[in-house]
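Worksheet: the structure to be examined is printed underneath.
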Amino acid sequence: MKGRGGGLRYLLIYPLGMLIIFFLIPLGMLVVISFYHHPPGGFYVPAFSLENYVRFFSKSLYLLRLAFTVEISLLTAALCLILGYPFTFYLTRMAKRKRFYIILVISTLWLSYIIRSYAWTVLLSRNAGISNLFVWLGLLKHPASYTPGLLAVIIGLVYVFLPFMILTLYGSLKSINAEYEEASFSLGAGPFKTFWNIVLPLSKDGIVSGSLLVFILTMGAYVVPSILGKPHQWTLAIIIGDQATYESNVPFGAAMALILMIIAVGIIWLMSRLSGTKGLSVGTGKK
Amino acid sequence: MGSVELLNLTKTFPPNIRAVENVKLSIEEGEFITLLGPSGCGKTTTLRLVAGLEEPSGGQVLIDGNDVTELPAYRRDIGMVFQSLALFPHMDVFGNIAYGMRIRNASKAEIHHKVEDLLQLVKLPGIERRKIVQLSGGQRQRVAFARALAMNPSVFLLDEPFAALDKNLREEMQIELRKLQRRIKITTIFVTHDQREAMSMSDRIVVMNQGRIEQIGPPQNIYLNPASTFVAHFIGTTNLVSGTVKEATGNEVTLMTGAGVFSTARSASAVGVGQECVVSIRPESVRLSRESNGAEKDGFAGTIALKRHVGELIEYYVNTQMGQEIIASYQTGRPEFSEGEKVRVTFDAQACRILDKD
């Protein structure tokens with residue numbers, strides 16, 4: 001058949017090819033390899049074995065890392081929301097030079113995670129860190145070192161992922177018509193009640209999207225916890241990397257990566273269901 | 001309950017934009033007032049100043065004799081309908097109408113009763129549980145009215161609520177609103193740029209231009225006696241003919257204009273011989289007659305350049321000798337003229353208004 005859409009149909013090969021080459025094939029390989037066997041001292045041999053999954057769920061070491069990863073991801077998302085929401089609300093409602101502030105927020109993304117993480121190791125160290133400032137202010141008696149440590153990991157993760165939260169919330173909060181707030185005022189609700197009853201519910205999509213985005217990013221965080229954390233503050237991503245590169249156990253790494261992905265997708269699905277949001281809407285915050 | 005007084009109200013936006021300048025207005029209880037003017041004339045800003053959504057740079061707002069200038073919107077006794085209606089999309093109809101009462105912690109029974117009453121009032125009983133997106137344009141308007149009236153405000157403010165409606169629905173809502181307003185006798189301030197809308201609804205119209213009030217008066221009065229060329233031009237269609245006063249006797253003024261020499265009744269403006277002025281003549285006060293009807297002293301000759309049917313009227317665009325175009329309108333069924341025909345143009349002297357030249 002020589003349909004008129006013939007030429008157009010070939011255009012679809014591009015996005016389809018992209019999807020297959022960059023997403024479906026690697027994911028399929030990951031699934032297949034996760035069932036392979038890893039001989040001691042070797043690389044991997046094709047097999048269909050559940051040994052990698054059994055190993056993961058039978059050792060508390062891995063389960064603890066998974067639990068820690070989920071916990072720190074939830075915590076980072078919550079902290080980013082608590083810090084980012086008031087800032088973004090101020091930005092969309094009151095600030096005069098919105099574009100300037102947004103560029104300021106985005107500019108932190110111009111540097112790589114690695115450089116920014118090392119910057120925090122200096123800032124949180126005993127010798128040159130901010131604890132010296134606290135001593136000078138009289139808040140501390142002696143300068144302290146916070147890195148490596150849990151606090152450093154949390155600070156680093158929040159710092160790195162906060163811009164994503166702000167940019168997501170910005171779209172959502174900015175798209176709320178100011179007349180909704182004015183209507184609420186005209187009906188006798190003061191600023192606090194208006195915020196609580198109108199602005200907060202109307203920005204729900206942005207809150208959910210931003211939180212999920214930060215959650216997903218933290219679930220896969222590798223650089224920040226490895227630079228700023230002690231081994232027992234490492235995320236599952238670091239363990240996966242270790243298995244794949246240092247232990248040459250790619251099948252086990254693949255299995256862990258899949259488990260992490262399934263848990264992440266499960267939590268996203270659960271959160272979306274609970275909040276009644278239809279899906280991720282990054283950027284605009286519109287339904 | 002419900003008188004509104006604006007005393008020398010002024011609003012300047014940075015850097016130095018005078019949106020509202022020295023507005024003085026006194027609105028009686030139960031009156032339907034329309035702020036009318038082109039976009040940017042300050043009508044919406046004036047309304048927002050009454051609502052408390054904008055802080056005045058000078059002057060005072062009194063509601064029921066109380067100075068509310070310093071009070072924020074949520075402490076003023078107002079109900080407002082916004083241009084976008086601003087019905088809360090995350091609440092159903094009930095939630096929207098009950099919002100203000102819930103904020104003031106009214107009892108559940110009281111709220112249910114009141115919402116039912118209000119929906120009855122706007123002729124939409126039983127739609128409490130509908131979502132806003134499920135409502136038609138007209139239903140949304142009515143729900144917005146009901147929400148604004150839920151707290152029994154002393155003043156009802158509307159900011160071009162019908163701007164987005166098509167013509168038929170718009171007319172329907174105009175009648176609906178006017179009936180509603182009559183029934184509950186609420187002081188109403190309505191903002192629009194549509195002069196027909198203003199003419200058909202208001203007790204009094206406030207014509208605004210560049211932040212100032214040009215004229216205040218009942219619609220008919222404003223139409224027949226415009227105070228300035230701006231008002232004459234903005235309200236309805238008019239012929240503005242500029243000229244010089246040639247002769248001014250007791251109650252008649254003779255003018256020399258681009259359209260010819262003619263006499264008119266003396267209006268309120270003081271006129272002296274030699275003064276430059278503008279005459280406003282409504283198209284329905286222009287008379288056309290066939291040239292062949294013998295020699296006439298008054299009026300002047302012209303040719304019909306265009307004939308246009310506008311609803312139940314026919315409009316004639318007449319080119320006069322001096323180049324000035326005159327519009328005349330006639331009811332259909334009256335003797336008709338055809339394009340290209342030579343006619344004699346006369347004005348109803350009583351209906352001409354002499355205005356100061358801008």
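First the proteins, then the strands, lettered A, B, ... as listed; each starts at 1. The figures here come from the full heavy-atom set of this structure, side chains too, leaving out hydrogens, waters and symmetry mates.
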Report the donor-acceptor contacts between chain B and chain A below 3.5 Å as a table, one pair per row.
{"unit_1": "B:R48", "atom_1": "NH1", "unit_2": "A:E182", "atom_2": "OE1", "d": "2.8"}
{"unit_1": "B:R48", "atom_1": "NH1", "unit_2": "A:E182", "atom_2": "OE2", "d": "3.3"}
{"unit_1": "B:R48", "atom_1": "NH2", "unit_2": "A:E182", "atom_2": "OE2", "d": "2.7"}
{"unit_1": "B:S84", "atom_1": "N", "unit_2": "A:E179", "atom_2": "OE1", "d": "3.1"}
{"unit_1": "B:S84", "atom_1": "OG", "unit_2": "A:N177", "atom_2": "ND2", "d": "3.4"}
{"unit_1": "B:S84", "atom_1": "OG", "unit_2": "A:E179", "atom_2": "OE1", "d": "2.4"}
{"unit_1": "B:H90", "atom_1": "NE2", "unit_2": "A:N197", "atom_2": "O", "d": "2.9"}
{"unit_1": "B:Y99", "atom_1": "OH", "unit_2": "A:S184", "atom_2": "OG", "d": "2.7"}
{"unit_1": "B:I103", "atom_1": "O", "unit_2": "A:K193", "atom_2": "NZ", "d": "3.4"}

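With a threshold of 4.5 angstrom between heavy atoms, B:M101 does not approach chain A through any atom at all. Of the two parts of B:L87, only the backbone, made up of N, CA, C and O, holds a non-hydrogen atom closer than 4.5 Å to a non-hydrogen atom of chain A.
Partners of A:F215 according to the ring pair (Phe, Tyr, Trp, His ring centres under 6.0 Å) rule, which considers only residues two or more places apart in sequence or in another chain, do not exist here. In terms of the side-chain hydrogen bond (donor to acceptor under 3.5 Å, both in side chains) criterion, B:E5 has no residue partners (sequence neighbours excluded). Legend: residues meeting salt bridge (Lys or Arg N to Asp or Glu O under 4.0 Å) with B:E31, ordered by chain and number and at least two apart, are B:R204.
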